[in-house]
Protein chains: 2
Amino acid sequence: MTDGDPAVIGRRGSYAKGVARRQEILDRAIEVFQERGADGTSLRRIAETIGVSHAALLHYFDSREQLLVAVYEHAEAKRHSDSPRSDPGAVEGMVEAATQNVKVPGLVELYTTLVASSLESGSEHGRAFFTERFERVRGDVADRLREEQAEGKVRTDVDPDQIAAIIVAASDGLQIQWLLDPSIELERTLGALATLLRP
Amino acid sequence: MTDGDPAVIGRRGSYAKGVARRQEILDRAIEVFQERGADGTSLRRIAETIGVSHAALLHYFDSREQLLVAVYEHAEAKRHSDSPRSDPGAVEGMVEAATQNVKVPGLVELYTTLVASSLESGSEHGRAFFTERFERVRGDVADRLREEQAEGKVRTDVDPDQIAAIIVAASDGLQIQWLLDPSIELERTLGALATLLRP
DNA sequence: GTCTATACGAAGATAGAC
DNA sequence: GTCTATCTTCGTATAGAC
């Protein structure tokens, strides 16, 4: 996120109570999504669970999609601050994140749903968010790969940027495959990718 | 699909005209999705474009999701019969499929949308379809990997089943990343994955 | 068997009162 | 800043004409 002001994501609530209320709504909404994923989560049901009208939600978020994106963003940020940032290798970091994700199927479901809808034509906000996110995550992974290449931990006959894209894609895709069929062993399969990268 | 009768996918239309009409609907629907993806595609809009009532569609397909799955299945089968089945290496086959897909963004969008909704709780049909599909595709790729390992074309220090899952995941994920940001160079990036697999 | 007509409830979004 | 009321569209279900 390039903009420093968190409230700028919605349309209003830029001051005092508005910001607090917004955070409160997001906190409550996260719980809803963690247990329900993205299916039983209409604006009206979320509003009902939280205890406001659905129109009130739309006061803080321009559309259902913006609310969903904000919820995902908020949940992701919260997890990053909860886990003490171990900062391991490029693949190891992805493995760690993926195994964490898979414990909260609702979030993976939400993520997948949002990525899918961001591909559709009407989704300016979602498209921008995920385009930026993919770029940032790929960049981070590529940077770490370069470090590891310099340290002799990763083979140097492949382009770090391309490998980074593959790692991110494989991680996303495997989480989906795992949700549909847990027999694929997410961690060990991502481990095989790490084997491929060793010099 | 384990059942040999194609008409069994819907609920009726098992005979003569019904089958033909069903195919006709699918052919027309494919065009709709190829240009619109999955967003402007409500049951009613599809019906309107095809020239039937939305209730008529539900005569051939139990639900909107079943129609969408059938459309995707039909489009995929059609493409397989159109391209003369080159049957190359494991990764090469995925590269070929992915580069074909990316020429029809609507289908990738449809695929992603369906996979996402198959994760949700209400989706029995979609979930079964994609679980089977992933299993079949992974199995095919793994078989080819084993052949290539025997031929000395692929390194043998990795499990073919795990690599197959990674190839499928990476292919799916990269198509999405490419749609959001074409600068990642889909073919060359998947080529890097091929490099990793060489002995 | 095939399809039209119609109805129902839920959804996202908007307008305007308070 | 938040609500009620309302609009439109959606998926789905049913009745019954042909």
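Within every chain, numbering begins at 1; the chains are lettered A, B, ... in the order of the sequence lines, protein sequences first and strands thereafter. Atom set for the values below is all heavy atoms of this structure, side chains included, hydrogens, waters and symmetry mates excluded.
The shortest distance between the side-chain N/O atoms of B:S42 and the OP1/OP2 oxygens of D:dT9 is not below 4.0 Å. Proximity of B:H59 to the phosphate of C:dT2: a side-chain N or O atom is located under 4.0 Å from OP1 or OP2.
Separating the CD1 atom of B:I50 from the P atom of C:dT4 is a distance of 12 Å, rounded to the nearest angstrom. Put simply, CD on B:E120 is 14 Å from C1' on C:dA11, counting in whole angstrom units. Rounded to a whole Å, the CG atom of B:D62 is 12 Å from the P atom of D:dT14. Taking atom CG of residue A:L57 and atom P of nucleotide D:dC3, one finds them 9 Å apart after rounding to whole Å. Whole-Å rounding puts the A:L58 CG to D:dT4 P distance at 14 Å. In this structure, the CG atom of B:L43 is 17 Å from the C1' atom of D:dT8, given to the nearest Å.
Map A:R44 and A:S53 each onto its nearest nucleotide of DNA chain D; the residue landing nearer the 5' end is A:S53.
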Step by step, would you call B:D181 with A:R127 a salt bridge (charged side-chain N to carboxylate O under 4.0 Å, His left out)?
CA-CA 10 Å; B:D181 179 7; A:R127 192 179 177 95; over 6 Å; no
Donor-acceptor contacts under 3.5 Å from residues 162-169 of chain B side chains, at least two apart:
none

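In terms of polar N and O atoms assigned as donor or acceptor, the side chain of A:H54 never comes within less than 3.5 Å of the base of C:dA11 in a complementary pairing.
For A:R36, the side chain to side chain contact (heavy atoms under 4.5 Å, CB included) test picks out A:V32, A:T41, A:R45, A:T49, with sequence neighbours left out.
No salt bridge links A:R144 with A:E147; every basic N to acidic carboxylate O contact stays at or beyond 4.0 Å.
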